[in-house]
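Input: a single structure, listed below in structure tokens.
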Amino acid sequence: MEQIIVDKTVEAIQLLYHHSIDSKLVQLQKTKKEFVGDLTLVVFPFLQISKKSPEQTATEIGNFLVNSVEDVENYNVVKGFLNLTINSNHWFSVLNKISQDSNFGTFSDSGKVFMVEYASPNTNKPLHLGHLRNIFLGYSVANILKANGHTVYKTQVINDRGIHICKSMLAWQKYGNSETPVSTEMKGDHFVGKYYVEFDKAYKKEINELVEKGMDKETAEKEAPIFKEAQIMLQKWESGDENIVSLWKTMNSWVYEGFDVTYKTMGVDFDEIYYESDTYLLGKNYVEQGLKNKIFYQKEDGSIWCSLKDDKMDDKLLLRADGTSVYITQDIGTAIERYKKHPSLNGLIYTVGNEQNHHFKVLFTLLKKMGYNWAEGCYHLSYGMIELPEGKMKSREGTVVDADDLMCSIIQDAKTSTQERGHVENLSETEKENLYKMIGLSGLKYYLLKVDPKKGMVFDPKESIDLNGNTGPFIQYTYARIQSLLEKGKKLNYIAKISTVQSNEKEINLIKLMNEYPSVIKEAGVNYSPAILCNYIFELVKEFNNFYQTIEILREENKSKLEFRLALSENVGKIIKSGMNLMGIEMPLKM
RNA sequence: GGUCCCGUAGCUCAGCUGGAUAGAGCAACUGCCUUCUAAGCAGUAGGUCACAAGUUCGAAUCUUGUCGGGAUCACCA
């Protein structure tokens, strides 16, 4: 429809003012609520061509469109705005098309392939609130890309080696008394995290003791015996020491068991998992190759660098003087590895916090310098940090909001408020538990996804997440109402059916909104932004609630109207569910 | 200091490829359940869109500068 009007407007300008214009000049937008009409054409850009007043130009174009486009029924002019009214038959046929398309909103195979990396946990402690935002965001973006017709590989990188895990290992060796997650009845990741904290306590104590003996703090941090021990452990791990490797495997396996539980509660999954222990040596060869090709340079001490002067950044170290790699060396290696494994990849998306903006800018620049054209397709999906009211989360100060605890408490909140309302008494216990989980998680996920990813956000753990207003449960509630309507309709032997009926404005508004769904999916995909989808669904749901509360549906006397409204509701429900599912949020039949 | 991001109602956020009188939610206040689920709906109140210039018929939106907040520029990961 929009395209037809744009084309016809170009034609109108040609005929009326003998001027051919680019269709990009034609600005067609939704008519604002306070004016009459469906679509609005902004005529200001044509004034120079028409050499007439805005009103007159708009009137002339309006006349032309009404006469030449069948579904343009009427128009009115306000200043330079030409408001067009579209025939309601057109909207009926739109609804009809939506109702017949079981995958409405999703696009057919684009032939493009993307990889989305959306988790990169360390194995020395449990997941926290920051991980939740990261993972929900990446998971949702992966789904949105799929809906856009792309093939998507979801992947995570596990930072399973390094000094951090050695710290946990060492503390466990020293103070663990051979206890295990089973013997202590602790979740594995929390268990290992406990020893990370133990290490830190002991480490701090040693530092203080050294400082008291007169050592300056910086030296003390390097000289503390337990720290040195951890470093020795890391060296042993790197040389393949059997005992250390075996301990490492055991402790990591505890962590993975814990992560699996958390991921399951979160409702996310991965197609591929990369372990840093497998990949941390990759990249060295490529750097050495780059040195030969004179893309990089070597300093006198033997360290290898890349000059980024042309890109207005400081030079970047790629290999230390002793030949060991730094973080970015690994990232170069893994990126190349991924493209080798999936040569058809069109894009590689890293869902990582904005504190690493610079890192990824450097990484992509390096890859381009090394001649990998696919680096153009690499994208850093950067998201803002979550802060507490008192500032950043600090693991050392114990202010980190734990992912498991948070999910547990919001599910508990959902349980309390669901029970207060008492709509679900006749569900079984399992169904109820499921429902509480569904509601609680929708509150959390929606809360984290509705904000533009790149913006930071403040989270107050003392205030429970709201379940009214612009929230996941509000949307679920609307969905449940629709399902209840449909079920009652069925019992009364009505079927959802679209026919040409006398329609009202609210019904047409709903169809217009539904019609936008595919373009919203597209926009959310292009911008990697579930927030765009959230806003759209919220708008749709608000519009539906307004309709629901003011228009009679099952009480309508005219059967065709009643069945039309059922069909309308059913399709609104379909879109709500589809959109929310893309964000990993499930919809209940009752709540 | 260099680079990047952000600043919209008391709070949390939309709107930003320039378009009509800047919108939601929360909190506050007023109505609405003998009628399809009140986790709802309708309404009232709340704004120098950080500030200042510039471009334009038109700026919250684009440019520049100022102020305020954050991130980063590690032989940490």
Side-chain angles (χ1 to χ4, degrees), chain A residues 24 27 29 31-35 40 42-45 47-48 54 78-81 83 120 122 159 161-164 276 280 299 301 303 305 308 311-322 324-328 330-331 353-359 361-362 382 384-385 387 392 414 417-418 420-424 439 443 447 450-452 454-460 463 466-478 480-489 492 531-532 534-535 538-539 541-542 545-556 562 565-566 569 590-591:
Chain A
K24 277 180 206 150
Q27 289 182 51
Q29 51 198 232
T31 301
K32 296 219 170 192
K33 269 205 171 117
E34 51 271 41
F35 300 97
T40 294
V42 185
V43 300
F44 290 107
L47 298 185
Q48 289 196 335
V78 181
K79 296 184 201 166
F81 299 93
N83 301 318
S120 45
N122 289 352
N159 301 117
R161 55 131 248 141
I163 192 73
H164 55 272
E276 197 201 347
Y280 81 108
K299 285 195 179 172
D301 66 358
S303 57
W305 296 71
L308 296 173
D311 304 273
K312 290 181 182 171
M313 292 185 281
D314 294 339
D315 288 11
K316 182 71 192 173
L317 174 88
L318 300 173
L319 278 181
R320 297 186 186 104
D322 64 5
T324 55
S325 14
V326 291
Y327 189 66
I328 204 156
Q330 293 180 44
D331 269 0
N354 63 10
E355 57 199 353
Q356 297 202 30
N357 284 355
H358 183 257
H359 171 80
K361 202 173 158 194
V362 172
S382 160
M385 295 289 109
E387 287 193 18
K392 286 180 82 168
S417 42
T418 306
E420 274 172 16
R421 286 163 233 272
H423 289 158
V424 292
I439 296 172
Y447 181 87
K450 76 175 173 188
V451 180
D452 183 343
K454 68 170 184 288
K455 287 194 178 176
M457 60 197 295
V458 178
F459 179 86
D460 190 346
E463 276 179 41
D466 219 317
L467 304 178
N468 299 320
N470 186 2
T471 67
F474 164 66
I475 292 162
Q476 289 177 316
Y477 178 70
T478 306
R481 269 174 157 181
I482 292 173
Q483 300 319 306
S484 158
L485 262 182
L486 295 174
E487 201 186 321
K488 281 199 174 146
L492 297 167
I532 290 171
C534 282
N535 289 330
F538 179 56
E539 209 184 324
V541 163
K542 263 195 308 186
N545 277 328
N546 175 288
F547 162 76
Y548 177 90
Q549 214 103 17
T550 46
I551 308 284
E552 311 211 304
I553 300 170
L554 291 171
R555 286 190 299 264
E556 168 61 48
L562 190 157
R565 287 172 192 165
L566 278 182
S569 307
K590 281 181 186 171
M591 70 184 276

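The chains referred to below are lettered A, B, ... by the order of the sequence lines, with proteins before strands, and numbering in each begins at 1.
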Look through every strand shown and name the nucleotide pairing with [N] as Watson-Crick or G-U wobble, where both distances are under 3.5 Å.
N	answer
B/rG19	B/rC57
B/rC67	B/rG7
B/rG31	B/rC41
B/rA14	none
B/rC36	none
B/rU48	none

With a non-hydrogen cut-off below 4.0 angstrom, is [X] in contact with a base, only sugar-phosphate, or nothing?
X	value
A/Asn357	nothing
A/Lys450	nothing
A/Glu420	nothing

Within the modelled atom types, does a donor on one side and an acceptor on the other bring the side chain of [X] and the base of [N] under 3.5 Å apart?
X	N	value
A/Thr550	B/rA42	no
A/Asp301	B/rC75	yes
A/Thr471	B/rA39	no
A/Asp314	B/rA74	no

- Task: Could you verify whether a donor N or O on one side chain and an acceptor N or O on the other, from A/Thr478 and A/Asn545, lie under 3.5 Å apart?
- Result: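 Short answer, yes.
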
Can any side-chain N or O of [X] pair as donor or acceptor with the backbone N or O of [Y] at less than 3.5 Å?
X	Y	value
A/Arg320	A/Ser325	yes
A/Lys450	A/Asn470	yes
A/Asp311	A/Met313	no

Which nucleotide in [options] has an atom nearest any side-chain atom of [X]:
X	options	result
A/Pro45	B/rC73, B/rA24, B/rG19	B/rG19
A/Phe474	B/rC75, B/rA77, B/rG40	B/rG40
A/Thr31	B/rG25, B/rA20, B/rA38	B/rA20
A/His358	B/rC6, B/rC41, B/rU72	B/rU72

Between [N] and [X], is there an OP1 or OP2 to side-chain N/O distance shorter than 4.0 Å?
X	N	answer
A/Lys454	B/rC13	no
A/Asn545	B/rC41	yes
A/Arg555	B/rU35	no
A/Lys488	B/rU37	yes
A/Lys32	B/rA22	no
A/Arg481	B/rA39	no
A/Lys361	B/rU72	no
A/Arg320	B/rC76	yes
A/Tyr477	B/rA39	yes

- Return the orientation label for the A/His359 and A/Tyr327 ring planes: parallel under 30°, perpendicular over 60°, tilted otherwise.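 Ring orientation of A/His359 relative to A/Tyr327: tilted.
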
- Answer yes or no: are there more than 12 heavy-atom neighbours, outside A/Glu34 itself, under 6.0 Å from its atom CD?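 Yes - once you tally the heavy atoms of other residues, nucleotides and ligands closer than 6.0 Å, there are more than 12.
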
- For A/Phe35 and B/rA20, is the gap between ring centres under 5.5 Å while the planes differ by less than 30°? yes

- Task: Find which nucleotide of RNA chain B each of A/Tyr548 and A/Gln330 is nearest to by heavy atoms, and output the residue with the more 5' nucleotide.
- Result: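 Going by which nucleotide is closer to the 5' end, it is A/Tyr548.
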
- Message: For A/Ala480 and A/Asn546, find the nucleotide of RNA chain B closest to each by heavy atoms; which residue's nucleotide sits nearer the 5' end?
- Response: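 On the 5' side of the pair lies A/Ala480.
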
